[in-house]
Engineer: 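Would you mind keeping the following structure in view while I ask a few things?
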Amino acid sequence: MSKDYRYYNVAQALAYYEQSAKQKDNYGMVQLGLLYNLGLGVTQSYEKANEWYLKAVQEINDNNNNLDDEMLGILYNNLGSNCLTGKGIEQNYDDALFLLNEAIKYDKESASRNLGDMYYYGQGVEIDYAKAFELYEIAANAGNTQAMDDLGFYYKKGKNVPQDYQKAFEWFSQSAKQNSTYGMFQLSMMYESGQYVEKDYQQSNIYYQKSY
């Protein structure tokens, strides 16, 4: 695999990826997209990030692909997410839907969660809470913290699933372990109101303080 910016200083990585991208190396193109997307060693620019992502996609379409599954997932998810939100590119739900469906083949964690949001909010598709739940569940089981919070919300509110405070508590507990302030706040509320657990104002206050 090519060099990764995480293991080299950013200036060296930037120079290396720029050189490799000139040689139509789509791994370098995706890494440049990441640097611009995150603003690492360069001024953050979603426009430039998307330019490199699109060039990488074009190389794939021209049957010139040296990306592994992880990098394919990053490419399609990041470009799809930017199309979904309109970051540095014209907002286009159809493109987002296509790209995220490609991304989910390689990236269960982030792509499933983003795709779940499209079904939850009806972005380019009919609102489908059951489909959104299914995708959030895939993402949560793959380790996505936000999706854990989503499932906790579903179970706590009984949204399209039977209300289940135990499952809500379990998902919020998992997300809280990954430093989700939303999960911590929800645990605080559940201890305060005695949902699944006995009322415990001291524990409620502990989680409340952690959530801020």
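What's counted below: heavy atoms across the whole structure, side chains too, no hydrogens, waters or symmetry copies.
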Engineer: Linking I/L/V/M/F/W/Y whenever their side-chain heavy atoms sit closer than 4.5 Å, directly or via other members, would Ile104 and Leu72 fall into one cluster?
Structural biologist: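 Per the 4.5 Å side-chain linkage, Ile104 and Leu72 are not co-clustered.
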
Engineer: Considering residues, nucleotides and ligands other than Phe98, do more than 12 of their heavy atoms fall under 6.0 Å from its CZ?
Structural biologist: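 No - once you tally the heavy atoms of other residues, nucleotides and ligands closer than 6.0 Å, there are 12 at most.
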
Engineer: So, Lys177 side chain and Ser173 main chain: donor-acceptor pair closer than 3.5 Å or not?
Structural biologist: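 No; judged by distance alone, with no hydrogens or angles, the pair does not exist.
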
Engineer: Determine the minimum heavy-atom distance between Ser45 and Lys48, stating which atoms define it.
Structural biologist: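 Here Ser45 and Lys48 meet closest at OG-N, 3.1 Å.
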
Engineer: Pairing donors with acceptors under 3.5 angstrom, does anything connect the side chains of Ser188 and Ser204?
Structural biologist: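 There is such a pair (donor and acceptor under 3.5 Å, judged by atom type) between the side chains of Ser188 and Ser204.
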
Engineer: Of the non-hydrogen atoms in Asn114 and Ser81, which two are nearest, and what is the gap between them?
Structural biologist: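 Shortest heavy-atom separation between Asn114 and Ser81 comes out as ND2-CB, 4.0 Å.
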
Engineer: Verify side-chain contact (heavy atoms from CB on, under 4.5 Å) between Met71 and Gln31, making sure each step is shown before the conclusion.
Structural biologist: CA-CA 9 Å; Met71 293 305 294; Gln31 291 288 10; 3.9 Å; yes

Engineer: Quick one: do the Tyr53 and Asn78 side chains pair a donor with an acceptor below 3.5 Å?
Structural biologist: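 On atom types as modelled, these side chains qualify, holding a pair under 3.5 Å.
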
Engineer: How close do Leu84 and Met118 get, heavy atom to heavy atom, and via which atoms?
Structural biologist: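 So the two residues come closest at CD1-CG, 3.7 Å.
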
Engineer: What's the separation between atom NZ in Lys87 and atom OH in Tyr46, rounded to the nearest 0.5 Å?
Structural biologist: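 Nearest 0.5 Å value for the NZ-OH distance: 4.0 Å.
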
Engineer: In sequence, state the C-alpha distance, the side-chain angles, and the governing distance for Tyr119 and Leu115, and then conclude on side-chain contact (heavy atoms from CB on, under 4.5 Å).
Structural biologist: CA-CA 7 Å; Tyr119 283 98; Leu115 199 54; 4.2 Å; yes

Engineer: Once you round to the nearest 0.5 Å, how far does CG of Asp200 lie from CD1 of Ile206?
Structural biologist: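 So the CG of Asp200 and the CD1 of Ile206 are separated by 7.5 Å.
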
Engineer: For Ile127, what are the other residues in its hydrophobic cluster, where any two members join if their side-chain heavy atoms are less than 4.5 angstrom apart?
Structural biologist: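 Listed partners: Tyr120, Tyr121, Tyr129, Phe133, Tyr136, Met148, Leu151, Phe153, Tyr154, Tyr155, Val161, Tyr165, Phe169, Trp171, Phe172, Tyr182, Met184, Leu187, Met190, Tyr191, Tyr196, Val197, Tyr207.
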
Engineer: Please check if any side-chain donor atom of Glu170 sits under 3.5 Å from a side-chain acceptor atom of Gln166, or the reverse.
Structural biologist: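 A pair is found: one side chain offers a donor N or O, the other an acceptor, under 3.5 Å apart.
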
Engineer: Measure the OH-NZ distance between Tyr76 and Lys105 for me, rounded to the nearest 0.5 Å.
Structural biologist: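 The OH atom of Tyr76 sits 8.0 Å away from the NZ atom of Lys105.
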
Engineer: Show your reasoning for whether side-chain contact (heavy atoms from CB on, under 4.5 Å) applies to Tyr106 and Glu70.
Structural biologist: CA-CA 6 Å; Tyr106 313 102; Glu70 179 185 6; over 6 Å; no

Engineer: Say whether, by atom type as modelled, one donor and one acceptor occur between the side chain of Ser112 and the main chain of Glu109 under 3.5 angstrom.
Structural biologist: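 Answer holds: no.
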
Engineer: Hydrophobic clustering (ILVMFWY, side-chain heavy atoms < 4.5 Å, transitive) - are Leu99 and Leu135 grouped together?
Structural biologist: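 In one cluster with Leu135: Leu99, no.
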
Engineer: Using a distance-only test with no angle check, is there a side-chain donor-acceptor pair under 3.5 angstrom linking Asn50 and Asn37?
Structural biologist: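 The answer is no; no qualifying pair exists.
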
Engineer: Could you give the distance from OH (Tyr17) to CE (Met29), rounded to the nearest 0.5 Å?
Structural biologist: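 These two atoms lie 14.0 Å from each other.
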
Engineer: Rounded to the nearest 0.5 Å, how far does CD of Glu59 lie from NZ of Lys55?
Structural biologist: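 So the gap between those two atoms works out to 10.0 Å.
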
Engineer: Consider only side-chain N and O atoms of Lys156 and Gln186, and report whether a donor and an acceptor are under 3.5 Å apart.
Structural biologist: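 Side chains of Lys156 and Gln186: pair found under 3.5 Å.
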
Engineer: Any chain of hydrophobic side-chain contacts (each under 4.5 Å) joining Tyr36 to Ile74?
Structural biologist: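 Same cluster.
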
Engineer: Find out if a path of hydrophobic residues (ILVMFWY) with successive side-chain heavy-atom gaps under 4.5 Å connects Leu100 to Ile60.
Structural biologist: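 Each belongs to a different hydrophobic cluster.
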
Engineer: For Glu137 and Asn141, does a side-chain donor sit closer than 3.5 Å to a side-chain acceptor?
Structural biologist: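 Asn141 and Glu137 do not have a side-chain donor-acceptor pair below 3.5 Å.
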
Engineer: Any pair with a residue in residues 138-152 that passes salt bridge (Lys or Arg N to Asp or Glu O under 4.0 Å), sequence neighbours left out, goes on the list, sorted by first then second residue, please.
Structural biologist: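 Checked against salt bridge (Lys or Arg N to Asp or Glu O under 4.0 Å) - neighbours excluded - the pairs reaching residues 138-152 are Arg113-Asp150.
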
Engineer: Can you name the nearest heavy-atom pair linking Gly41 to Val10, along with the distance?
Structural biologist: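 So the minimum-distance heavy-atom pair works out to CA-CG1, 3.3 Å.
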
Engineer: Grab the two heavy atoms, one from Gly28 and one from Ala21, that are nearest each other, plus how far apart they are.
Structural biologist: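 Closest pair (atom of Gly28, atom of Ala21, distance): C-CB, 4.5 Å.
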
Engineer: Distance only, no hydrogens: is a donor on one side chain within 3.5 Å (strictly under) of an acceptor on the other, for Tyr16 and Gln12?
Structural biologist: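 No, no side-chain donor-acceptor contact under 3.5 Å.
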
Engineer: Rounded at 0.5 Å granularity, tell me how far CG in Asp25 sits from CG in Asn66.
Structural biologist: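 Result: 4.5 Å between the selected atoms.
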
Engineer: Shortest non-hydrogen contact from Ala139 to Ala147?
Structural biologist: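 Taking Ala139 first and Ala147 second, the nearest heavy atoms are CB-CB, 3.6 Å.
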
Engineer: Taking a hydrophobic cluster as the set of Ile, Leu, Val, Met, Phe, Trp and Tyr residues connected by side-chain heavy atoms closer than 4.5 Å, whether directly or through intermediates, do Leu54 and Tyr93 fall within one such cluster?
Structural biologist: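 No, because Leu54 and Tyr93 fall into different hydrophobic clusters, even though each may have its own neighbours under 4.5 Å.
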
